[in-house]
Amino acid sequence: MPKPAPAYFQRLAALAAIDNPADRPTRPVLEAYSGVEMATVPVGTAEDLELAVARARAAQSAWGDRSAADRAKVINRFSELVNDHAEELMDIAQAETGKARIYAQEEVIDVALTARFYAQHGPKMLADRKVQGMLPGATDTRVRYQPKGVVGVISPWNYPLTLAVSDAVAALIAGNAVVIKPDSNTPYCCLALAELLYQAGLPRELYAVVPGPGSVVGQAIVAQTDYVMFTGSSATGSTLAAQAGKRLIGFSAELGGKNPLIITRNADVDRAVAGAARACYSNSGQLCISIERIYVDRAIADEFSEKFAEHVKGMNLAGTYDFSADMGSLASAQQVDTVDAHVTDAVAKGAKVLAGGRKRADLGPFFYEPTVLAGVTEQMTCYADETFGPLVSIYPVDSTDEAIKRANDTEYGLNASVFAGSNDEAQKIAEQIHAGTVNINEGYAAAWGSTAAPMGGMGISGMGRRHGEEGLLKYTEPQTIATQRFIGLDGIRGIPQSLYLKLTPQIIKSLKYLPGR
């Protein structure tokens with residue numbers, strides 16, 4: 001299972017929604033493990049994006065006219081193809097991001113599950129539904145869902161498979177076209193999935209991939225499409241939301257997180273150690289929902305810290321295209337620099353390194369050890385700022401109430417985790433945490449993998465949700481159609497209007513005595 005061959009990249013590059021790509025400037029795409037160029041990708045322009053949107057808009061009308069069940073057949077076939085091509089998808093995800101294969105596999109599974117969920121349940125969610133009308137027996141009211149039109153997706157580098165299509169399949173099932181700008185470091189993950197969508201029977205215009213810089217192609221997406229889905233930093237999300245607001249178009253975003261994990265005094269320490277390691281170092285910590293703060297009851301803090309540090313020291317850090325590594329590399333030099341700066345700042349201000357804390361250039365240019373800090377204070381950058389790397393801080397607390405208070409002491413509110421002595425205790429803690437998802441006995445996958453449930457952030461961690469019914473219906477315009485029969489607010493045949501209008505308030509008030517009113 002090596003990195004993909006040159007012919008693979010050549011085949012996929014031809015799928016970019018750029019006319020005459022061979023005549024365009026290109027950008028190098030690096031293998032993250034080695035930092036060596038493995039391919040180039042054509043660089044799109046704002047004009048390319050505008051043309052892709054125009055073509056998508058022309059194709060969307062016919063696609064939207066097809067039944068949701070018909071559209072679902074295409075997405076279901078796509079889900080099957082993802083499973084069939086799992087190995088090569090894992091290869092390209094590892095090559096572009098440097099993640100360990102276990103986490104590349106997580107992405108493939110998530111893509112297949114999300115597509116299958118919407119293929120199975122989307123048509124029912126989108127079906128017309130009758131609702132209670134104004135006047136019982138006299139008003140028939142139904143709600144139907146129309147597609148937005150062309151949905152623009154701006155996807156990041158950290159989960160380039162999942163985030164290229166987990167939103168897109170929902171938008172497509174709803175009858176929209178999708179134009180996507182993948183991150184410039186990971187364009188081939190997106191193009192690999194585009195190839196499978198086309199093989200599943202989706203017209204190419206309905207999922208158009210336009211690689212290029214965010215300052216050009218990303219801005220054009222916000223300016224040209226009918227709805228924007230963004231995954232990335234809170235600062236960029238805020239800017240894009242303001243731009244979308246000026247155009248009065250819909251906007252949804254999953255943004256940053258400084259996610260907490262709470263461990264109570266009665267928790268199983270060994271289980272918490274294993275769970276915390278997964279929660280903190282999945283995808284080398286480059287995950288919006290990964291844990292960066294651990295609040296552990298002081299009664300077990302020393303035991304947990306010692307066992308956790310030993311566990312982390314024993315993790316296998318390697319750049320292999322198999323399942324032997326516990327953690328791979330970071331995705332870029334910028335990520336390494338950020339993590340190193342946070343660790344250096346903390347240590348200079350008095351924090352103690354319990355495990356890790358070093359670059360590993362001997363393994364590759366973007367490797368950094370999984371790191372555990374103790375003694376982190378408010379004066380240190382990593383106390384409140386998102387690191388987005390393999391760095392976590394442990395904070396002993398005197399009570400569960402203190403743990404909850406400190407967990408909520410942040411502008412973010414994306415994800416959280418709880419390990420407690422009983423399920424009842426954990427559930428009560430979870431209900432008090434200000435976060436869009438809370439996982440019990442797990443760091444993130446329980447909520448993330450529950451495709452029927454909404455996922456997203458509170459505070460500056462985002463707006464809107466992906467997954468579940470919310471993640472589908474946000475790509476629609478609900479339309480109410482109401483039919484009034486023999487009686488209305490202005491009168492009824494055979495009764496003088498003056499009398500009817502006088503009695504109307506009492507009639508409306510009496511409706512509360514009817515069942516269901």
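Trp448 and Tyr444 have tilted rings, their planes meeting at an angle from 30° to 60° on a 0 to 90° scale.
Every residue two or more places apart in sequence or in another chain was checked for a side chain to side chain donor-acceptor pair (under 3.5 Å) with Gln120, and none qualifies. Under the rule for a salt bridge (charged side-chain N to carboxylate O under 4.0 Å, His left out), Lys428 has no partner lying at least two apart in sequence or in another chain. Partners of Arg271 by salt bridge (charged side-chain N to carboxylate O under 4.0 Å, His left out), not counting sequence neighbours: none found. Qualifying side chain to side chain contact (heavy atoms under 4.5 Å, CB included) partners for Ala174, counting only residues two or more places apart in sequence or in other chains: Leu126, Asn176, Leu472, Tyr475, Thr476. Annotation: side chain to side chain donor-acceptor pair (under 3.5 Å) contacts of Asp183 (sequence neighbours excluded): Asn185. Scored by the side chain to side chain donor-acceptor pair (under 3.5 Å) test, Arg278 finds Glu106, Glu442 as partners (sequence neighbours excluded). With sequence neighbours excluded, the residues satisfying side chain to side chain donor-acceptor pair (under 3.5 Å) with Glu195 are Arg11. Qualifying salt bridge (charged side-chain N to carboxylate O under 4.0 Å, His left out) partners for Glu310, counting only residues two or more places apart in sequence or in other chains: Lys313. Lys349 pairs by the salt bridge (charged side-chain N to carboxylate O under 4.0 Å, His left out) definition with Asp345, not counting sequence neighbours.
Asn259 contributes no side-chain N or O that, together with a main-chain N or O of Glu292, makes up a donor-acceptor pair within less than 3.5 Å. The main-chain N or O of Asn158 is found under 3.5 Å from a side-chain atom of Asn283 such that the two form a donor-acceptor pair. Glu386 places a side-chain N or O within 3.5 Å of a backbone atom of Gly257 that can act as its donor or acceptor partner. Looking at Glu470, its side chain never comes within 3.5 Å of a backbone N or O of Pro454 through a donor-acceptor pair. No donor-acceptor distance shorter than 3.5 angstrom exists from the side chain of Lys181 to the backbone of Val210, with no hydrogens or angles considered. At distances below 3.5 Å, not a single donor-acceptor pair connects side-chain atoms of Thr225 with backbone N or O atoms of Val228. Between the side chain of Thr387 and the backbone N or O of Thr338 there is no donor-acceptor pair closer than 3.5 Å. Remark: the backbone N or O of Ser324 is not paired with any side-chain donor or acceptor of Arg101 at under 3.5 angstrom.
The only member of Val273, Leu354, Ile294, Val372 that meets side chain to side chain contact (heavy atoms under 4.5 Å, CB included) when paired with Ser305 is Leu354.
A cation-pi geometry, defined here as NZ or CZ lying under 6.0 Å from the six-membered ring centre and within 45° of its normal, holds between Lys99 and Tyr159.
Judged by distance alone, the side chains of Asp424 and Ser422 never bring a donor and an acceptor atom under 3.5 Å apart.
Contacts classified as side chain to side chain donor-acceptor pair (under 3.5 Å) and involving residues 393-408 (residues at least two apart or in different chains) are given here: Arg298-Asp398. Contacts classified as side chain to side chain donor-acceptor pair (under 3.5 Å) and involving residues 450-463 (residues at least two apart or in different chains) are not found. Applying the ring-ring contact (aromatic ring centres under 6.0 Å, His included) definition to pairs two or more places apart or across chains, none involves residues 357-381.
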